[in-house]
Amino acid sequence: MTSHVSLSKFGFVSIFPEMISALTQWGVTGRALRDGRFTIDTIDPRDFATDKHGTVDDRPYGGGPGMVMKATIMAQAVEQAKRQVGLNAPVIAMSPQGQCVNEHLLTSLLGQDALIFVAGRYEGFDERFVSQHVDLELSVGDIVVSGGEMPAMMVMDSLIRRIPGVLGAELSAEQDSFVDGLLDCPHYTRPEIFEGEAVPAVLLSGDHARIAEWRTAQSLRRTLDRRPDLLSEADLSEKQRRLLARWDSVSDDI
Ligand code: SAH
């Protein structure tokens, strides 16, 4: 799946801006930052607090436990982020109540020049901040974590690896799970035999056409076994459809 990628600027609004180092210092995303393939501006809502304690939260109207992130302060932080990364940048708030992320949804964001990610803490945001200043709420799954920083970084990481030139071997993003609508094939490296289990012989054959065919079949088989829900959306070739039909009638392994 190829799509035009314009994305190169991120805003990260968080009361723990240092957490971004997990993305900016290590691995593929760290190297991509050093290579200048993207930029990240961090904005700390505490800079917009009006008291000397840097308070960004307050008690919920109606009572109950937990604190709520103030709309006034979050709005100012997001406006600052827009001034820094782009006035038209879509604002994405991380929330367990948002749309669940998937590769298809992320692909649709790659055409933007800049994106602003907002991490919640405590019980989350005052709802009026969301209704007035947020374009999209994203969830990383049906779980609740303590803050939006890690969810936002997961999404940013996934977007960054889709920026051309970020992954060493240009092909490996294309081969990843979900990109073509299927799960990735299994991978092996040395030694040839590990705890009595040998590498599938075809991978040692040197026959590139057969290897490619085996990998495609494995991808398909894995998807059928583990995530059959993906198959209805996948863009399958005629050959893949025939394979699937065969497995449907004979449920043996390949
Ligand atoms: N009371 C809220 C949860 C607050 S958790 C609710 O039940 O909806 C605190 C913050 O962590 C949230 O504001 C959000 O930014 C982040 N967060 C928690 N779980 C998340 C998830 N599954 N996906 C994205 N962000 C999440």
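One-based numbering, in listed order, for ligands and for the atoms of each. The figures here come from the full heavy-atom set of this structure, side chains too, leaving out hydrogens, waters and symmetry mates. One-based numbering along the sequence shown. Computed from a prediction, not measured in an experiment: that's the story for all the values here.
- Each of Asp126, Asp58, Asp51 was compared with Lys70 under the salt bridge (Lys or Arg N to Asp or Glu O under 4.0 Å) criterion, and only Asp58 meets it.
- How far CG of Leu87 is from CZ of Arg83: 8.5 Å, rounded to the nearest 0.5 Å.
- You'll find the side chain of Lys239 reaches within 4.5 Å of the side chain of Arg242, heavy atoms only.
- With a 4.0 Å cut-off on non-hydrogen atoms, Gln97 touches ligand 1 through its side chain and not its backbone.
- Closest protein heavy atom to atom 22 (N) of ligand 1: Ile143 O, 2.8 Å.
- Every atom of ligand 1 is numbered from 1 in the order shown, and the set under 4.0 Å from a heavy atom of Pro151 is 24 (C), 25 (N), 26 (C).
- Contact annotation: for Asp142 versus ligand 1, there are no heavy atoms closer than 4.0 Å.
- Annotation: side chain of Ile92 is in contact with side chain of Leu109 (closest heavy-atom distance under 4.5 Å).
- Checked against Asp180 for a side chain to side chain contact (heavy atoms under 4.5 Å, CB included), the options Asp184, Leu183, Asp176, Leu182 give a single hit: Leu182.
- Shortest contact from atom 17 (N) of ligand 1 to any protein heavy atom: Pro96 CD, 3.8 Å.
- Of the N or O atoms in Val145, one or more lie within a sub-3.5 Å distance of an N or O in ligand 1.
- Contacts between Ala93 and ligand 1 below 4.0 angstrom, taking non-hydrogen atoms only, are absent altogether.
- Checked by distance only, ligand 1 and Gly120 come closer than 3.5 Å through their nitrogen or oxygen atoms.
- No heavy atom of Val118 sits closer than 4.0 Å to any atom of ligand 1.
- Close approach of ligand 1 to Val144 (heavy-atom distance below 4.0 Å) involves ligand atoms 5 (S), 19 (N).
- The shortest N or O to N or O distance between Gly141 and ligand 1 is below 3.5 Å.
- Between Arg46 atom CZ and Asp57 atom CG the span is 7.5 Å, to the nearest 0.5 Å.
- Contact check for Pro151 versus Val145: side-chain heavy atoms found under the 4.5 Å cut-off.
- At a heavy-atom cutoff of 4.0 Å, ligand 1 is contacted by the backbone of Ser95 but not by its side chain.
- Listed by atom number, the atoms of ligand 1 under 4.0 Å from Gly147 heavy atoms are 10 (C), 11 (O), 16 (C).
- An N or O contact shorter than 3.5 Å is missing between Tyr122 and ligand 1 by distance.
- Considering both main-chain and side-chain atoms, Val140 comes within under 3.5 Å of ligand 1 through a nitrogen or oxygen pair.
- At the shortest separation from atom 14 (C) of ligand 1 among protein heavy atoms lies Met94 O, 3.1 Å.
- The residues Arg161 and Asp157 are annotated as not salt-bridged, no charged nitrogen and carboxylate oxygen being separated by less than 4.0 angstrom.
- Listed by number with element, the atoms of ligand 1 under 4.0 Å from a non-hydrogen atom of Gly148 are 11 (O), 15 (O), 16 (C).
- Interface of Gly124 with ligand 1, defined as ligand atoms under 4.0 Å from a residue heavy atom, comprises 13 (O).
- Hydrophobic clustering (ILVMFWY, side-chain heavy atoms < 4.5 Å, transitive): Met153 and Ile15 are in one cluster.
- At a threshold of 4.5 Å between non-hydrogen side-chain atoms, the residues Val155 and Phe117 count as touching.
- Near Leu138, meaning under 4.0 Å from one of its heavy atoms, ligand 1 places the atoms 24 (C).
- Looking at atom 2 (C) of ligand 1, its nearest protein heavy atom turns out to be Glu123 O, 3.4 Å.
- In this structure, NZ on Lys9 lies 9.0 Å from CG on Asp41, to the nearest 0.5 angstrom.
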Take Gln80 and Gln76 through the side chain to side chain donor-acceptor pair (under 3.5 Å) test and state the conclusion after the steps. CA-CA 6 Å; Gln80 178 59 32; Gln76 288 182 66; over 6 Å; no
